[in-house]
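To keep things clear, I will list the structure first and then write my remarks on it.
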Amino acid sequence: MSSHPHIGFLNYAKQFYDAVSVIVDGGKVSKTRIAVTYLYGHAIECAMKSILIKNGVPIEKLKKIGHDLQRCQRKVDSYTEKKFVDETLREIIRVLNPIYKEKYLEYHHGGLFMSLPSDICMQTTVGNLISELDKLYRTYLRASPSL
């Protein structure tokens, strides 16, 4: 693993976000609702876990958090990067978490119904989180070239 595993996690977040952006920008959301929702959730999870890793949380503890976005968010709230988790993102996490953490988006659970914020809202909000972390990590790397 890289000497900067938090950057690796953020790169995963970027890739999941980029994949969902292709679907949303291509107008295919109605046909891929479950996949789109999962990709947003996974991008959020990887981005927030990058914050935890950057702040010294070991991978073993991340495994205990699992896919619980709200639990991850509460841990992130202990660090200065919490400023990147705005109220809109908190609402997305609150609504998404029950179906995401239980893997309802990965395995069929009849009658799944979701009432999530608009795709444009999620795309903008998740994109902002990833962009802000990317800027922060780039600044951190430039300031610490010996790392």
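In this text the structure is predicted, and so the values were computed from the model without any measurement. Start at 1 with the first residue, then count along the sequence.
A salt bridge does not link Lys63 to Glu60: none of the charged nitrogens lies less than 4.0 Å from a carboxylate oxygen.
Residues passing the salt bridge (charged side-chain N to carboxylate O under 4.0 Å, His left out) test with Asp77 are Arg90, sequence neighbours excluded. Listed by chain and residue number, nothing satisfies the salt bridge (charged side-chain N to carboxylate O under 4.0 Å, His left out) test with Lys75 (two or more places apart in sequence, or in another chain). Partners of Asp134 according to the salt bridge (charged side-chain N to carboxylate O under 4.0 Å, His left out) rule, which considers only residues two or more places apart in sequence or in another chain, are Lys14, Arg138. Taking the ring pair (Phe, Tyr, Trp, His ring centres under 6.0 Å) definition, one finds that Tyr17 meets it with nothing, sequence neighbours left out. Considering only residues two or more places apart in sequence or on other chains, Lys135 meets the salt bridge (charged side-chain N to carboxylate O under 4.0 Å, His left out) condition with Glu132. With sequence neighbours left out, the ring pair (Phe, Tyr, Trp, His ring centres under 6.0 Å) criterion links Tyr137 to His6.
To the nearest 0.5 Å, the span separating CG on Leu39 from CD1 on Ile34 amounts to 12.0 Å. We find the CG-SG distance between Leu129 and Cys46 to be 11.0 Å, quoted to the nearest 0.5 Å. A distance of 11.5 Å separates CG of Asp18 from CD1 of Ile23, quoted to the nearest 0.5 Å. Between Ile99 atom CD1 and Thr37 atom OG1 the span is 6.0 Å, to the nearest 0.5 Å. Here the CD1 atom belonging to Ile59 is positioned 4.0 Å from the CD1 atom belonging to Ile53, to the nearest 0.5 angstrom. If you take CD1 on Ile92 and OH on Tyr40, they are separated by 8.5 Å, rounding to the nearest 0.5 Å.
Two residues are said to be in side-chain contact when any heavy atoms from C-beta on lie closer than 4.5 Å; Asp25 and Gln123 meet this criterion. By the 4.5 Å heavy-atom criterion applied to side chains, Ile130 and Phe16 are not counted as neighbours. Considering only heavy atoms from C-beta on, Tyr38 stays 4.5 Å or farther from Val20 through its side chain. Between Leu52 and Tyr79, some side-chain heavy-atom pair lies under the 4.5 Å cut-off. The closest side-chain heavy-atom distance from Val29 to Arg33 is below 4.5 Å. Considering only heavy atoms from C-beta on, Ser50 comes within 4.5 Å of Leu133 through its side chain.
Closest approach of Lys49 to Ile65, counting heavy atoms only: CE-CG2, 4.4 Å. Here the shortest heavy-atom pairing between Leu96 and Gly41 reads CD2-CA, 3.5 Å. Of all non-hydrogen atoms in Arg71 and Asp68, the two that sit nearest each other are N-OD1, 3.0 Å. Looking at every heavy atom in both residues, Met48 comes nearest to Cys72 through CB-SG, 3.7 Å.
Using cut-offs of 30° and 60° for the angle between ring planes, the Tyr100 and His42 rings count as tilted.
Remark: the Asn55 side chain and the Glu81 side chain contain an N/O donor-acceptor pair separated by less than 3.5 Å.
Judged purely by atom type and a 3.5 angstrom limit, Asn97 uses its side chain to pair as donor or acceptor with the backbone of Leu69. No donor-acceptor pair under 3.5 Å is formed between the side chain of Ser131 and the backbone N or O of Asn128.
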